[in-house]
Amino acid sequence: MIHRSFPALLFCILVLAAVCNAQSTPCRAKLADLPAASELGGFHLGMTEEQVKTRVPQVKFGPKNEYGLSNTSISPDFDPRIDKTNFSDVRTISLDFLDDQLTSLWIGFEGSFKWNTAAAFVEGISRELALPQEWTTKGRSQQLTCADFQLSVSMIGGGPSLRIISLAAEETIAARRQALEDAAEGEDKPEPGPVVGDARSKLYYPKNCPALKSIPEKNRLAFENESDAEKAGFKRAAACQ
């Protein structure tokens, strides 16, 4: 009985292993290893603002925000000053910079672009960038997360769009945002001020507590803050809660 069922059991194990392997195999590609692709319009993450301006002299950069972020956009399809030779069927390009380096690139294509559906675009860009076909559906987008970047493809205005972001930059932005929030919270909290203790009752009173007026001067003890008063065995007066 055991002998007869063993091949079936082995088959199930092999199938399960294959499924698990297919689901867990990540995209290990890195930004530095991506080949140049004409679909990216000559842009790549890591470019400096100066390099982008060399590519498109008409571009103007916005001011940096508190996180070091700035952004700009160009519209090859609408701006007659831009040489459209390398921007075939490109409607708009948005570029985000962190500390003067390109960390996010979004390209919106016309419906006449050669890959005019999301499925066709995913297949084509995967082939051009030598990426695995392991995209997942996220809402209305197709998404692929690799070692240090993420790609997403969606249909906007009847044409496909591509967004590529640096995951390292996203982490840096999140860390800076958290640091600023923490600093703001620290500024909002007033520093604990001096308090006055009652030597008789072993209670302490903040100087702005009205109940302090009832404590005779001879019974008052000064402390730098509430922590010092509590270390000396005093408790906060209930009237000051």
Side-chain angles (χ1 to χ4, degrees), residues 23-24 26-32 45-52 60-73 94-106 136-141 143-152 154 163-241:
Q23 292 178 341
S24 62
C27 170
R28 298 183 177 86
K30 294 183 178 182
L31 282 171
L45 298 196
M47 293 178 77
T48 64
E49 289 186 352
E50 190 61 33
Q51 289 173 323
V52 170
K60 293 183 179 180
F61 304 103
K64 295 183 180 64
N65 66 11
E66 64 270 35
Y67 310 123
L69 282 169
S70 62
N71 58 72
T72 189
S73 63
S94 295
L95 308 105
D96 295 336
F97 298 85
L98 177 64
D99 301 334
D100 298 327
Q101 286 196 326
L102 184 61
T103 57
S104 174
L105 172 65
W106 181 89
T136 57
T137 300
K138 299 291 184 180
R140 297 182 178 181
S141 301
Q143 193 174 94
L144 178 67
T145 301
C146 298
D148 59 355
F149 67 96
Q150 188 177 81
L151 287 166
S152 60
S154 58
R163 181 177 175 85
I164 178 169
I165 63 173
S166 164
L167 296 179
E170 292 297 299
E171 291 177 2
T172 298
I173 295 166
R176 291 181 182 180
R177 182 179 291 112
Q178 187 62 54
L180 286 176
E181 290 176 358
D182 291 345
E185 288 180 3
E187 291 174 359
D188 292 340
K189 295 178 181 178
E191 290 293 328
V195 298
V196 176
D198 182 353
R200 182 181 54 186
S201 66
K202 289 291 184 178
L203 298 176
Y204 69 83
Y205 303 75
K207 286 194 171 182
N208 61 353
C209 179
L212 178 59
K213 296 178 181 179
S214 64
I215 308 303
E217 288 291 339
K218 64 179 181 179
N219 291 339
R220 297 188 181 192
L221 295 174
F223 294 98
E224 289 292 329
N225 49 53
E226 295 186 8
S227 178
D228 286 353
E230 291 175 358
K231 288 177 182 177
F234 287 71
K235 294 183 179 180
R236 186 184 181 96
C240 303
Q241 299 294 341

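Residue numbers count from 1 along this sequence. What you are looking at is a predicted structure, and each value in this text was computed from that prediction instead of being measured.
Among residue pairs with one or both ends in residues 217-241, those qualifying as ring-ring contact (aromatic ring centres under 6.0 Å, His included) are Phe223-Phe234; sequence neighbours excluded. Note on residues 167-177: pairs passing side chain to side chain donor-acceptor pair (under 3.5 Å), not counting sequence neighbours, are Asp99-Arg176.
Panel note: side chain Ser141, backbone Ser152; no donor-acceptor pair is recorded below 3.5 Å. No side-chain donor-acceptor contact under 3.5 Å links Asp228 to the backbone of Lys231. In this structure a side-chain-to-backbone donor-acceptor pair under 3.5 Å is missing from Asp96 to Leu69. Judged by distance alone, the side chain of Gln178 and the main-chain N or O of Ala175 form no donor-acceptor pair under 3.5 Å.
Between Leu98 and Ile173 there is a side-chain heavy-atom pair separated by less than 4.5 Å. The side-chain heavy atoms of Leu212 and Arg220, taken from C-beta on, include a pair separated by under 4.5 Å. Taking 4.5 Å as the limit, every side-chain heavy atom of Asp100 sits out of range of all side-chain heavy atoms of Phe61. Contact annotation: the side chain of Leu180 approaches that of Tyr67 to within less than 4.5 Å [non-hydrogen atoms, C-beta and beyond]. Side-chain contact between Lys207 and Pro194: present, with at least one pair of heavy atoms (C-beta onward) separated by less than 4.5 Å.
Surrounding CD of Glu66 are more than 12 heavy atoms belonging to other residues, nucleotides or ligands, all under 6.0 Å away.
Thr103 OG1 to Leu167 CG: the interatomic distance, rounded to the nearest 0.5 Å, is 11.0 Å. The distance from atom NZ of Lys64 to atom OG of Ser70, rounded to the nearest 0.5 Å, is 5.5 Å. Atom OG of Ser166 is separated from atom CG of Leu102 by 9.5 Å, given to the nearest 0.5 angstrom. In this structure, the separation between SG on Cys27 and CZ on Phe149 is 5.0 Å, given to the nearest 0.5 Å. In this structure, CZ on Arg163 lies 9.0 Å from CG on Leu105, to the nearest 0.5 angstrom. Atom CD of residue Gln150 and atom CD1 of residue Ile165 lie 4.5 Å apart, to the nearest 0.5 angstrom.
Of all heavy-atom pairs between Ser214 and Ala211, the closest is OG-O, 2.7 Å. Across Leu31 and Asp148, no two heavy atoms sit closer than the pair N-OD1, 2.9 Å. When every heavy atom of Gly46 is checked against every heavy atom of Gln51, the shortest pair comes out as O-OE1, 4.4 Å.
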Which pairs of donor and acceptor atoms, one on a side chain in residues 198-205, lie under 3.5 Å apart (sequence neighbours left out)?
residue, atom, partner, partner atom, Å
Asp198, OD1, Arg200, N, 3.0
Asp198, OD2, Ser201, OG, 3.0
Ser201, OG, Leu203, N, 3.4
Tyr204, OH, Glu226, OE1, 3.4
Tyr204, OH, Glu230, OE2, 2.7

